[in-house]
Structures are given as C-alpha cells and as structure tokens.
Amino acid sequence: MSFMTDRRVDRLTSVLRRRGIVLPSFEIYGGISGLIDYGPVGACIRRRVMDNWVDHWTSHGDIVEIDSPTITPEPVLVASGHVGEFSDLMVECGVCGSAFKANHLAEGRHENPDSLNVDEINAMLKDGIECPTCSESKWSDARSMDLMFSTRIGSKKGGRVAYMRPETAQGMFMLYPALFRHFKQKLPFGAIQTGKGYRNEISPRQGMIRLREFNMAELEYFIDPDEPPSPDLSVWDEKISLIADPEGAHAGEYSMTISEALSSGIVRHPTVAWFLVRTWDFLVGVGIDPARIRFRQHASTEMAHYADDCWDCEVGGEHGWVECVGIANRTCHDLLSHEQHSGSNQLRAWRQYAKPHIEIRDILSPNGSVMGPAFKGAAGVVMDALKELVEIPDSMPFALTLADGSSVEITDEMVTRRSEEVAVHGEWFTPHVIEPAFGIDRIIWHILDHGYTETEKEGENYSIMRLNQSVAPFDVAILPLFDKDGMGHIARQIWASVNSMPGLRGELDANKSIGRRYARVDEIGIPWAITVDHTTLEDGSVTVRRRDDQEQVRASIEDVLSKLASGGISTLF
RNA sequence: GCGGGCAUGGUCUAGUGGUUAUGACAGCAGGUUCCCAACCUGCUAACCCGGGUUCAACUCCCGGUGUCCGCACCA
C-alpha cells in the first residue's frame with residue numbers, strides 16, 4: 001500500500017503516479033525535471049478545471065475566449081519587456097555564494113550597464129567590484145539567465161528569432177484590434193486564453209509547482225482608467241484573508257469582506273477588487289479549501305516590471321503558501337509599448353465625451369496661392385506642419401518647425417489668422433488592463449492536496465480524494481455486485497446511458513470484490529457509485545453510494561439517471 | 001547552478017563481486033464470497049543510463065540523468 005512512507009506529500013505523490021493522475025514525463029528515458037504528464041485520470045481532471053475556468057469567465061458576457069500561437073517572434077517580447085528582463089547576466093560571489101544581476105553591479109561604473117556583453121562584464125567585475133554582501137571580489141564568470149526557450153522561425157540562416165511564449169497574455173494584446181471591433185468599440189471588455197507557457201527554470205523543484213512547460217489561463221480585461229468598472233461587491237459576504245502591502249499605509253493581515261477591503265483602501269482599485277473576489281469564487285468552486293486561500297499585496301519593490309499594483313492569490317498546502325494566481329493592474333504598459341514598437345495606431349479606445357467640448361481655437365489657415373510658389377514641392381509638408389501647430393505665434397514672420405526637424409519662415413501673406421469653433425466629441429486613449437493570471441497546474445495540485453484525505457477503515461489505512469463533482473475524473477462509477485446473472489449486463493446499459501448524457505462520464509468496474517472497487521473509485525475521487533445487485537434483477541432498483549460518507553440509498557434506475565442528468569443526485573440522500 | 005543523500009516489478013521496499021534477486025500491496029485468470037481493500041489457487045512484473053575496474057558488476061569506481069534536503073534563483 002501507499003502508506004509506508006512517513007510524509008503525507010510522498011504518499012499523495014505516490015497515489016498520483018500509481019493511479020495515472022500526474023506522472024514525470026519521458027520516464028523511460030530517465031525523465032526531464034520540470035516536465036510532467038497528466039495520465040488518463042489526471043487529464044480528465046485538468047480538462048474539467050480548464051472548462052470550469054473558461055465557463056467562469058465567459059459567463060460574464062463581456063469576456064471572450066481567444067487562442068494564439070505559443071511561438072512568438074522576438075520583437076513582440078522585446079516590446080513586452082521580456083527579452084530585456086530575461087537576458088540578464090548573472091554572477092555569483094565566489095566567497096559567500098550570493099548571486100546578483102551583473103548589470104546591477106555595474107551601475108555607476110558604466111553609462112548603460114544593460115548594453116554590456118559577457119566579456120565586458122567579466123572584465124569590469126575583475127576591476128574591483130565588491131560583493132554587496134561580503135565585500136569580497138572573487139566573481140564567477142557571468143552567464144545568461146536564458147529563461148525563455150528560443151527557437152527560429154524558418155530556415156536556419158534566414159530565419160527570424162522567436163521564443164516559446166513565457167505567458168499567454170501577449171496573444172490578447174496582439175488581438176486587441178480584433179477584440180475592439182468585436183465589442184463594437186466599447187470598453188470594458190476582456191479576453192481569455194488557456195494554453196501552455198514556457199520558462200526554462202534554472203532549477204525546477206517541488207513537482208507540479210515549478211514547471212518548465214505549464215498550463216496557464218489568463219484574462220486581460222481592458223478598461224477606461226477614468227471610469228473603472230465598479231461592480232456591486234455587497235453580494236459577497238464571505239470574509240477573505242488579505243495581507244496588505246508591508247510598505248503601505250495599511251500594512252498587516254486582515255479578514256474582511258471584499259467591499260470592506262475596498263472601502264478601507266486596502267484594495268485600491270474597484271475592478272481589481274472584483275477580480276479578487278471572482279478569483280476566490282473560482283477557486284472555491286473547483287474545490288480549494290476557502291480557509292487556505294489568501295491574497296497578498298505586492299510591495300512596490302517586488303512588483304513585476306509592468307505592474308502598477310499587484311496581488312498574489314496564495315493557496316496553502318504541502319509546499320506552504322504557493323502563488324497560484326497573480327492579479328495585476330498592468331495599466332497601459334503593454335498596449336502603449338506595442339504601439340511604440342510596432343507603429344500601430346489600432347491599440348487605443350475612443351472615449352466619447354458626455355457633451356462635446358467646444359473649443360475656440362486660433363488657427364492660421366494657409367494661403368495656397370502664396371505658399372505654393374514659395375515652397376514649391378515642400379508646400380504640402382509645410383501646410384501639414386501648420387495644421388499641427390498648437391501655439392499660434394503672436395507676431396509675423398515666425399519660424400515653423402517641420403516634421404523632419406528643419407524649419408521655414410512663415411510670413412504674414414502666407415496665412416490668414418482667424419478663430420474657429422471646434423466641437424471635440426471625444427478622445428483616443430490607451431486602455432488600462434487588469435490581468436488575472438492563473439497557474440492551472442498549481443491549482444490542480446492544491447485541488448488534489450486539499451481533496452486527499454487519509455482515514456481509517458476497520459483498522460486499515462484508507463484514502464479518499466474528495467473532489468468536487470465538477471472536477472472529478474468521472475461523475476459516477478457503475479459497479480455490478482457480481483459480473484453474472486445479468487447484473488453485468490444491466491450495469492453496462494446504465495453505463496451507456498450515463499455516457500450518452502452531455503457532460504457526464506461514467507466508469508465501469510466489474511473486477512474483484514465490491515469493497516475493493518469502492519476503494520479504487522474513492523481513491524481517484526469519483527463522487528457517486530451505482531451498484532447493481534440481486535434486488536436490481538427483481539425490481540429495477542439500484543443503490544447509490546456517496547463517496548464522502550459512504551452512505552447508501554436505494555432508488556430506481558430511472559430516478560437515478562434522471563437525477564444524474566439534472567445534477568440533483570444529492571437530493572436522494 | 002553549488003554541496004550532500006538516494007536510485008531494485010505499477011507502488012513501497014529487502015539484499016548480494018558469482019543468487020533462480022526478497023517481501024508486501026496493487027494488477028491479471030479461475031474458484032469462493034454475495035455491498036465496503038476478506039479468502040484459496042495460479043500468473044504477470046524490477047536492479048536509472050553510459051563508461052571503467054574485474055574471469056565475473058545490480059553490487060566497486062568515474063561521468064550523466066532523475067529525485068530528495070540545504071544554499072542560490074524563480075521576471
């Protein structure tokens with residue numbers, strides 16, 4: 001049995017391997033650290049967690065699902081900041097072992113430390129930079145962090161550099177123009193994407209917690225920062241654990257409702273508050289223990305390069321408190337950066353004023369018959385520059401700066417000064433983005449961790465995986481008490497009926513004693529078991545067994561099937 | 001990435017320079033039982049990979065990989 005090792009986490013891991021839930025990848029070739037497989041049972045659980053997640057967000061109505069490539073050309077990740085952030089050179093102190101980013105050490109000694117290459121960094125380190133920790137100066141050679149998997153698109157020589165995406169978020173930003181059109185050019189709206197992300201971790205540990213290839217599920221919610229959506233939070237009356245920014249005005253731990261958290265100023269942004277509580281809803285809905293969920297606000301010093309405000313949702317389990325969801329206000333950082341790097345003008349939204357702003361503008365209207373002959377071919381450029389002119393000079397002539405930086409002299413005869421009344425109906429702006437990013441594998445780990453229950457049964461160790469039906473690998477097990485006298489036949493008919501119901505899956509097990517089969521289905525978390533016995537042959541009734549307390553009731557096959565279909569099976573008890 | 005421990009059927013493990021390589025549980029077939037891992041019979045199934053030492057290596061040595069513990073890292 002699996003109760004021989006003395007740590008619960010080892011026994012749980014053993015169950016996961018033995019029952020085909022989560023296993024190390026490529027094991028027959030020795031395995032690769034940081035890569036896992038979901039086996040036949042685990043893949044069902046993963047699929048259902050993903051489906052729950054997609055349904056959770058798309059049910060809002062203003063959030064849609066998209067799907068984009070995992071291979072991402074380099075310029076996208078330059079604009080997002082990943083290439084700069086990820087290409088840092090690391091060095092270690094040979095005396096005390098502390099590790100530093102090389103460009104941080106070089107600050108103050110070089111105008112642009114980020115531009116240094118490996119050799120320059122190494123030379124500079126030998127030149128007497130001291131370790132901030134121990135003040136010695138014996139450095140290891142600098143080496144690149146290389147946290148993204150790089151590849152090439154196209155032939156080796158002519159190909160373009162690309163990386164496996166480190167997050168799915170960039171796909172949503174790339175699709176912003178299409179989303180903006182889809183939503184009739186009105187904020188707020190959101191897009192979700194689930195899929196694989198890749199980080200070439202230096203030293204993955206802790207099984208499913210730090211992976212090199214992992215399942216992500218991210219939502220980008222685009223809002224007008226001047227009118228952030230503020231849903232009514234009063235309908236959530238659960239108390240939520242919060243750990244506020246240790247450097248902020250509210251430093252400390254709290255247990256309060258989300259509306260209290262917002263009104264007290266601990267949560268700073270109404271839309272972020274809403275995502276915190278909706279994240280809480282999701283996690284509880286897939287079976288995470290509410291008592292082991294907490295939200296921790298990032299201190300300004302640990303915020304990601306793009307984030308203006310950030311909360312981690314941490315879940316407690318065998319590996320301590322683990323960040324399972326990051327909720328960040330990314331502001332306009334990504335869209336603005338992509339606009340600058342790509343030159344696209346489609347990454348904005350239109351803010352319609354309630355009333356048009358009437359502006360009286362002094363303008364200089366060009367006098368073509370004078371300017372044409374004066375500037376000849378350049379006349380068009382000059383007139384464009386005149387149109388862009390914001391500060392109208394008081395006196396003539398004046399020097400007008402053109403788009404290319406040169407300037408020309410504008411004389412009184414070339415223009416007519418007049419006042420113009422302009423109705424401005426709105427303005428273009430770059431939307432802000434609130435991003436909840438879910439680590440699905442970490443969440444699945446905690447679902448399994450929280451569900452795994454070790455009990456005793458008649459003096460023997462017994463384990464039950466208490467999964468919510470919404471994430472259980474099968475909804476119901478169908479067990480003929482014996483596979484003879486027609487019981488097996490009836491069981492197979494029930495099995496087929498269950499499997500024909502949308503969204504429902506049954507598992508048939510006719511092997512070995514009934515007690516052993518109950519144990520098997522308890523171990524992988526199947527919430528219900530239907531047993532076909534001798535009485536079934538007489539009156540068409542079966543027993544229904546509830547996993548979590550092993551209670552049993554008797555009901556007709558028709559009744560059980562219809563209650564399974566309607567989701568009301570628990571009303572039998 | 002550094003230091004240390006570990007690596008034997010599906011799982012947990014015993015053990016040895018020459019063995020038919022333990023045992024338990026799980027699994028399979030049959031019997032038995034007739035609602036909670038019962039019992040009987042039989043069966044399937046393992047020494048992480050690559051070098052070296054040796055007449056002979058699962059065992060000793062070196063390297064790799066994986067895993068665990070500490071340190072570091074984790075945008």
Side-chain angles (χ1 to χ4, degrees), chain A residues 1-7 9-11 13-20 23-35 39 77 80-88 90-94 96-101 133 140-141 143-148 166-167 197 199-207 209-212 298 302-307 310 322-323 326 328 437 439 456-464 479-485 487 511-523 529-536 542-545 547 549-552 554:
Chain A
M1 288 296 288
S2 57
F3 293 85
M4 290 175 169
T5 62
D6 50 1
R7 295 196 315 165
V9 63
D10 291 334
R11 296 190 294 271
T13 307
S14 174
V15 169
L16 300 185
R17 294 171 64 130
R18 187 156 38 82
R19 299 308 308 275
L23 313 89
S25 294
F26 309 112
E27 218 180 0
I28 64 170
Y29 285 101
I32 299 286
S33 171
L35 300 176
L77 294 164
S80 70
H82 288 95
V83 170
E85 290 285 321
F86 278 34
S87 62
D88 284 341
M90 297 296 297
V91 292
E92 272 178 43
C93 172
C96 69
S98 302
F100 299 95
K101 292 184 178 177
T133 305
S140 68
D141 281 346
R143 55 172 197 281
S144 170
M145 291 290 284
D146 205 19
L147 282 180
M148 288 195 291
E167 59 175 20
R199 296 177 192 182
N200 200 357
E201 296 281 353
I202 295 170
S203 165
R205 291 270 174 97
Q206 302 174 300
I209 303 300
R210 282 179 63 196
L211 297 171
R212 289 187 162 123
H298 279 205
E302 67 167 329
M303 272 185 218
H305 63 275
Y306 45 73
C310 199
V322 173
E323 178 195 349
E456 276 209 354
K457 193 158 170 177
E458 287 163 22
E460 293 216 26
N461 293 318
Y462 194 86
S463 80
I464 303 174
L479 314 172
L481 192 57
F482 297 98
D483 196 0
K484 61 182 184 187
D485 302 334
M487 284 181 264
N511 277 354
K512 291 293 164 88
S513 74
I514 190 69
R516 183 170 293 205
R517 282 177 278 158
Y518 286 143
R520 280 200 287 244
V521 301
D522 284 345
E523 193 174 47
I530 295 172
T531 306
V532 176
D533 58 17
H534 296 96
T535 312
T536 311
V542 291
T543 65
V544 178
R545 174 184 181 272
R547 175 196 65 205
D549 58 5
Q550 297 163 30
E551 286 288 308
Q552 254 176 323
R554 192 150 202 108

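Per chain, numbering begins at 1; letters A, B, ... match sequence-line order. Predicted, not measured: the structure shown is a model, and the values here were computed from it.
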With both distances kept under 3.5 Å, what pairs with [N], Watson-Crick or G-U wobble?
{"N": "B:rG30", "answer": "B:rC40"}
{"N": "B:rG1", "answer": "B:rC71"}
{"N": "B:rA45", "answer": "none"}
{"N": "B:rA57", "answer": "none"}
{"N": "B:rG10", "answer": "B:rC25"}
{"N": "B:rG50", "answer": "B:rC62"}

[atom1] gap between [N] and [M], integer Å:
{"N": "B:rA37", "M": "B:rG50", "atom1": "P", "answer": "44 Å"}
{"N": "B:rG9", "M": "B:rU22", "atom1": "P", "answer": "14 Å"}
{"N": "B:rG52", "M": "B:rA56", "atom1": "P", "answer": "11 Å"}
{"N": "B:rA26", "M": "B:rC40", "atom1": "P", "answer": "12 Å"}
{"N": "B:rG27", "M": "B:rU11", "atom1": "P", "answer": "14 Å"}

Least distance between heavy atoms, A:Pro480 atom then A:Arg517 atom
O-NH1, 2.6 Å

Minimal heavy-atom distance between A:Thr536 and A:Arg554, with the atoms involved, is N-NH2, 3.6 Å

Verify the contact: side-chain N or O of [X] to OP1 or OP2 of [N], cut-off strictly under 4.0 Å; return yes or no.
{"X": "A:Arg11", "N": "B:rC12", "value": "no"}
{"X": "A:Arg7", "N": "B:rU67", "value": "no"}
{"X": "A:Arg18", "N": "B:rG27", "value": "no"}
{"X": "A:Arg516", "N": "B:rA38", "value": "yes"}
{"X": "A:Asn511", "N": "B:rC28", "value": "yes"}

Base, sugar-phosphate or nothing for [X]? Non-hydrogen atoms, less than 4.0 Å.
{"X": "A:Thr531", "result": "base"}
{"X": "A:Asp522", "result": "nothing"}
{"X": "A:Arg17", "result": "sugar-phosphate"}
{"X": "A:Gln552", "result": "base"}

When you measure from the side chain of [X] to the backbone N and O of [Y], does any donor-acceptor pair fall under 3.5 Å?
{"X": "A:Ser14", "Y": "A:Asp10", "answer": "no"}
{"X": "A:Arg212", "Y": "A:Glu201", "answer": "yes"}
{"X": "A:Arg19", "Y": "A:Arg520", "answer": "yes"}
{"X": "A:Asp485", "Y": "A:Met487", "answer": "no"}

Rounded distance (Å) that lies between atom [atom2] of [N] and atom [atom1] of [X]:
{"X": "A:Ile514", "N": "B:rU33", "atom1": "CD1", "atom2": "C1'", "value": "13 Å"}
{"X": "A:Asn461", "N": "B:rA24", "atom1": "CG", "atom2": "C1'", "value": "14 Å"}
{"X": "A:Lys512", "N": "B:rG27", "atom1": "NZ", "atom2": "P", "value": "6 Å"}

Nearest to the A:Ser33 side chain among B:rG27, B:rG66, B:rC35, which nucleotide is it?
B:rG66

